[in-house]
Amino acid sequence: MKIMEDVSVVSQEKVAFQTHLLRLSAGRISREARLGQFLMVQVRDGTDPLLRRPFSFHRIDAEQGVVEILYRVVGRGTWWLSQCDSGARLRIIGPLGNGFQLPQCGPAPVVAVAGGIGIAPMMQLLEKLAQWLAPSGKTREIHLFYGARTAEEFIPGKAFDTLGITVHWSTDDGSRGHEGFVTRLLEDTMRREKIKPCVVYSCGPLAMQYHVARWALENGVPSQLSLESLMACGLGACLGCALPAVNPAAPQEEHYLHVCKDGPVFKAEMIQWHKIQTHPATPPIFLFS
Amino acid sequence: MKIMEDVSVVSQEKVAFQTHLLRLSAGRISREARLGQFLMVQVRDGTDPLLRRPFSFHRIDAEQGVVEILYRVVGRGTWWLSQCDSGARLRIIGPLGNGFQLPQCGPAPVVAVAGGIGIAPMMQLLEKLAQWLAPSGKTREIHLFYGARTAEEFIPGKAFDTLGITVHWSTDDGSRGHEGFVTRLLEDTMRREKIKPCVVYSCGPLAMQYHVARWALENGVPSQLSLESLMACGLGACLGCALPAVNPAAPQEEHYLHVCKDGPVFKAEMIQWHKIQTHPATPPIFLFS
Amino acid sequence: MAQNSNAPGDTPDLSVQLGPLRLRNPVMVASGTFGYGEEYEDFLDLERLGAIVVKGISLRPRPGNPPPRIVETAAGMINAIGLENVGVDVFLKSKLPHLQRLQVPVVVNIFGNTLEEYAQLAAKLDGVPGIAALEINISCPNVKEGGMVFGTDPLMAARVVQVVRRATALPLITKLTPNVTRIGDIARATVDAGSDMLSCINTVAAMAVDIFSRRPKLANVMGGLSGPAIKPIALRCTLEVLREVHCPVIGIGGIATPTDALEFLVLGARAVQVGTANFVNPSVTTEIIEGMERFLRVEKIARLEDCIGTLDTQCLFPFAEIACELTDLP
Amino acid sequence: MAQNSNAPGDTPDLSVQLGPLRLRNPVMVASGTFGYGEEYEDFLDLERLGAIVVKGISLRPRPGNPPPRIVETAAGMINAIGLENVGVDVFLKSKLPHLQRLQVPVVVNIFGNTLEEYAQLAAKLDGVPGIAALEINISCPNVKEGGMVFGTDPLMAARVVQVVRRATALPLITKLTPNVTRIGDIARATVDAGSDMLSCINTVAAMAVDIFSRRPKLANVMGGLSGPAIKPIALRCTLEVLREVHCPVIGIGGIATPTDALEFLVLGARAVQVGTANFVNPSVTTEIIEGMERFLRVEKIARLEDCIGTLDTQCLFPFAEIACELTDLP
Ligand SMILES: Cc1cc2nc3c(=O)[nH]c(=O)nc-3n(C[C@H](O)[C@H](O)[C@H](O)COP(=O)(O)OP(=O)(O)OC[C@H]3O[C@@H](n4cnc5c(N)ncnc54)[C@H](O)[C@@H]3O)c2cc1C
Ligand SMILES: Cc1cc2nc3c(=O)[nH]c(=O)nc-3n(C[C@H](O)[C@H](O)[C@H](O)COP(=O)(O)OP(=O)(O)OC[C@H]3O[C@@H](n4cnc5c(N)ncnc54)[C@H](O)[C@@H]3O)c2cc1C
Ligand SMILES: Cc1cc2nc3c(=O)[nH]c(=O)nc-3n(C[C@H](O)[C@H](O)[C@H](O)COP(=O)(O)O)c2cc1C
Ligand SMILES: Cc1cc2nc3c(=O)[nH]c(=O)nc-3n(C[C@H](O)[C@H](O)[C@H](O)COP(=O)(O)O)c2cc1C
Ligand code: FES
Ligand code: FES
């Protein structure tokens, strides 16, 4: 059941470089939502911007009736969203899309890859997995490969240590952990430590996802990649959020899946990676100067 | 000198039915402004609404560096303006247009007519006139004919009594003063009391202004009418704010004056009243329901 | 008989006659913006709609264009979906049945790349129960004529309507493109060719550029602009069409509020279609219907039909009568 | 010689060659939105502009249309000013002298209702010092041809350019209207007829309706839409024109930010004109010029000329090379 709900902002907090945490009092949606799903937010009244913006659930707390989104300010929409104070009203639609699946495997480790704001849908998932695995007595490891451009972009994740999640940090500028791409760190670590995970969860820029997908396919690791696309409706109606996909019935044919309806979580083998065009990334330098 | 100034909201207050008083800290503009002139306000960031909105100076306080506008919420722009809190930033342009002239005549009374929010540019003008006339020892009367649809639309004007301004109230529904049009009250009062004013100042809806103009012309009273028109630039560049006018050189020819440049204060005889089309008045019932 | 007074408690009559169709209200949803209806069932009661126009259908399934397919612009969006659809066979088998069970007129939007495709498609849909009308999308390239868009030439547009007219007895709505010099000419040609109604407008040809990657923001380079930005263009097109033909016209373009919808009706459109606004607010159509009802109450109008075509372009000077006596003063 | 590196301190070179004109930067102001320049002198240094296009001038003064002349729409406005202007004689006597004293190219926008008017006007302006070019507004009704707009027909448009070409040696810019089926055809016809450059686009035909008074919101009923709403249409028109002709093109339509302006340049326009945005922010052109400079610094580009026409419509799949090895995986 998809719900349009008028919610109020419980709090808004800047938690890292250009990154905000927004808590929304959304009683109805919080009860229906699952991790990996997303919502569409009307960031402002009126026609500027016109369309809603999609954000993953960062945390879902059905008991408190609260959902959280963690987002990076990258353009007009997210900038205006960052201006909302506690008590402000927002119109949201959710929960949309399909969430993450729990891993279907034995004691093999679970691997997660997060690039930049890609940490958003991952944090509570990892916490849940850790809590779920601990009592089961299985000595299953959880590895998070967490990359960013620079150290100040990382979200403070206090819970990692106490939950026994091994975090592998990487930054483009070497300011924390490995210097270079997080996918390179993933490949090297996995090869060196001869880990054969039972699943890889991943969220981040498409260029990163491509490398995760390639690694997963080459190593036969089942994957759950949360992918992005420009969206108008989030409901499967506009067909705008298409990604080039493999048609299992006719692999040579042109075929598309839709992020809002068939995703946002996909298996690596579903996507025709060589046909993907990243949507243009316009640095917002003129907006904020 | 026209100035574009980024100003901050000192305070915003609801002072009557759908009517707000906005105090702006506008050091530079306040020093240049004269009563009867106006400013253009960008009510909100972004493209909704696109154009600035014109408002008369309600009060100018050059010493404090503050200007006030008094406005009625009638549509999107004024509604958003009404949402600004103290401290909010607004971009304004002013002072624009020509202000009111002081009356050039002997001891004859001064008459002012205000319809609804038309009181905005009138209040400080009348106060100034009263203060200016008092020490001069002239026993000149000041009459304000102040009309509204209903009593709760009137702006509390404490100063009137103490300044010796005679206020003639009228409402469409009879809830205060004369029941009916303020221009009817004006005509009747003037005829009955055989007053021959030396000037009539007037601001209000075009339909009211038309009747004031007719009365002024028929009775040979010099007039200063603050007129409105839809505006894009406020600078004399777009030529959008035209009013059909009398070309003294060729009275039969089609001719236009521009409210932002040639006004907003006009003499009744300058306008071709029979050619005026009021801009459509869209009641904002759908906006606010 | 005709209701003349409208006491406060009365429910105003929103129904309109649209050619052979009687609609419970004039608010339809536009093709390509409402899927096959199901996508919106969580947000509104589909049976409250005047009619549903489904996503454009072709003879064979079409995968659509590569992404990016959409981009937001000022008060609008551009789409280059590429008419992705399941094809007429899957439509009839798995999409239509659900709609047939509902009490709401279903209009099937059709398109082809050749005259034959239009004709075959129309033949397949002819006589299928639960279809109220066909809407012919003529904003498609004619592959046999060097890719020139059918709807940009009166003769080609008329030929499409003719072949569809021959293939079916269903009421026909021709959907006009605004990307022409004289939309009235296309309107006349298609009506003369047998179109019972017109809908107006499809999207406005547009594009967007990314200055950092130096690439078009749409993989297809060009696309169609829709949303509030185009409403003034759609109103102008609608008036031009109404001045040229006398058949029922459906107004489309940027409608997002009750006021927007009423503007097209006042102009003379007998119904409207809501498109892009569904994306922003999936229950916007219900809000538009309720707003129209409120309008009629406030304005004390018993029947919405009484608003249609009431635009007054003559009487522009409200003070003219009362003020003419002023002219010879000073 | 050509500067190839761009050290942080360097000022990027914004100058562009526009046909015979060398502009210090590509940011011009659009006709009818900047008066005769004076109106904006409190807000910016006119000599920083690439060029000033003055309000459209006709042979005789024109009073313009009755009000209301403008109405705001979503991210745009419609105007029906009716080309009010002081006429060429007053322009030469009392408006031009002030501009002549400034170090900024002045482009005079001209229009007429007959071919003769265009020709006489051009003759009057020929040889006047301080005029850099004429911009021919062909979006006017041809009164001798039943009011059909000159710019909507290739032959009529070409005739206007021909008569102006014969009457003056000044560089000619033809300003195209978007209200046509194939803007490329008009572009080609006017260039063949002797236009040195093109500017693109004029306003989009539009209207607005008031549902309470049941009247058009403009006394003239229809008018021209401008502002951010039309930028996607203007970009598309500019690309269509660039694909058809090889002369310098000036992009116009909805430009309000440095990014907007750069989009037209990347597409291949050699200059831009800023219109409606001047109303919202009278010093917007200065901000656009400064923003372009910042862009070049950030992107480490020495000369703005190097951005012009760099749109890449081919390479749409950035992962194609690195990813093709993936295709034959599972
Ligand atoms: C299913 C899904 C879940 C998402 N979850 C999150 C999240 O949890 N946290 C977060 O910070 N971001 C998330 N995003 C991305 C987020 O939607 C965009 O960053 C946001 O819409 C940008 O809006 P804007 O107006 O600020 O930027 P714009 O000014 O519109 O554009 C700025 C940049 O953002 C990109 N962008 C714009 N719209 C989208 C979009 N719909 N999807 C992806 N990129 C876009 C543009 O291409 C451009 O590069 C998610 C996207 C999807 C599709
Ligand atoms: C010189 C001048 C001085 C003014 N001073 C004041 C003032 O002191 N206080 C005050 O409350 N109002 C004043 N106005 C009117 C004020 O500008 C409009 O009420 C305001 O622009 C409406 O904006 P909106 O977005 O809320 O309404 P919209 O949604 O744009 O329209 C709602 C209604 O307001 C009318 N309107 C819109 N723009 C204008 C405009 N530029 N001028 C007149 N009416 C308009 C519309 O026709 C419509 O009837 C003045 C107007 C002018 C020209
Ligand atoms: C994403 C999208 C898909 C569309 N698909 C179709 C279609 O398949 N057939 C068609 O005739 N029109 C299609 N249209 C055009 C709309 O039906 C409508 O004419 C146009 O969007 C203008 O209305 P609006 O401004 O309310 O959106 C589509 C529009 C959009 C935005
Ligand atoms: C109020 C107004 C007056 C205009 N007058 C003229 C004119 O006299 N001659 C002309 O060629 N274009 C005229 N235009 C069109 C503009 O020059 C420009 O082509 C158009 O507005 C699109 O640009 P914009 O979206 O940046 O405003 C006018 C536009 C506006 C808004
Ligand atoms: S966003 Fe509309 S179909 Fe996915
Ligand atoms: S508002 Fe532009 S000329 Fe007066």
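In what follows, chains carry the letters A, B, and so on, assigned in the order in which the sequence lines appear, proteins first and then strands, with residues in each chain numbered from 1.
- By the 4.5 Å heavy-atom criterion applied to side chains, B:L50 and D:T276 are counted as neighbours.
- Within the 4.5 angstrom heavy-atom criterion, no atom of B:M40 approaches chain D.
- The parts of D:S283 that come within reach of chain B are both its backbone and its side chain, each placing non-hydrogen atoms under 4.5 angstrom from that chain.
- By number of non-hydrogen pairs under 4.5 angstrom with chain D, the leading residue of B:L51, B:I93, B:T47 is B:L51.
- For the pair B:R53 and D:E72, the salt-bridge criterion is met [side-chain N within less than 4.0 Å of a carboxylate O].
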Next on the checklist: Pair D:E41, B:K2 - check side chain to side chain contact (heavy atoms under 4.5 Å, CB included), show working.
Outcome noted: CA-CA 9 Å; D:E41 281 188 314; B:K2 296 164 193 156; over 6 Å; no

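- Interface check for chain B: of the options D:G227, D:G37, D:A80, D:P282, the most heavy-atom pairs under 4.5 Å are formed by D:P282.
- B:Q42 contributes atom CD, which lies 7.5 Å from atom CG of D:N281 (distance to the nearest 0.5 angstrom).
- From D:D42, atom CG reaches atom CE of B:M4 across 11.0 Å, with rounding to the nearest 0.5 Å.
- Expressed to the nearest 0.5 Å, how far OG of B:S229 lies from CZ of D:R69 amounts to 9.0 Å.
- Heavy atoms closer than 4.5 Å to chain D are found in the backbone of B:I3, but not in its side chain.
- Of the residues considered (B:D48, B:N247, B:L239, B:L243), B:L239 shows the highest number of contacts with chain D, using heavy-atom pairs under 4.5 Å.
- In B:E63, the CD atom is not crowded: 12 or fewer heavy atoms of neighbouring residues, nucleotides or ligands sit closer than 6.0 Å.
- D:F34 touches chain B through its backbone: at least one of N, CA, C or O sits under 4.5 Å from a heavy atom, while the side chain does not.
- The contact between D:Y40 and chain B is made entirely by side chain atoms (from C-beta outward), counting heavy-atom distances below 4.5 Å.
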Checklist entry - Going through the distances and angles, do D:F279 and B:L235 end up as a side chain to side chain contact (heavy atoms under 4.5 Å, CB included)? => result CA-CA 8 Å; D:F279 302 154; B:L235 306 174; over 6 Å; no

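- Between D:P67 and B:P244, the shortest heavy-atom contact is CG-CD, 3.7 Å.
- Your options are D:P61, D:A74, D:A256, D:G35, and the one with the most heavy-atom pairs under 4.5 Å with chain B is D:G35.
- The distance from atom SG of B:C233 to atom CD1 of D:I70, rounded to the nearest 0.5 Å, is 8.0 Å.
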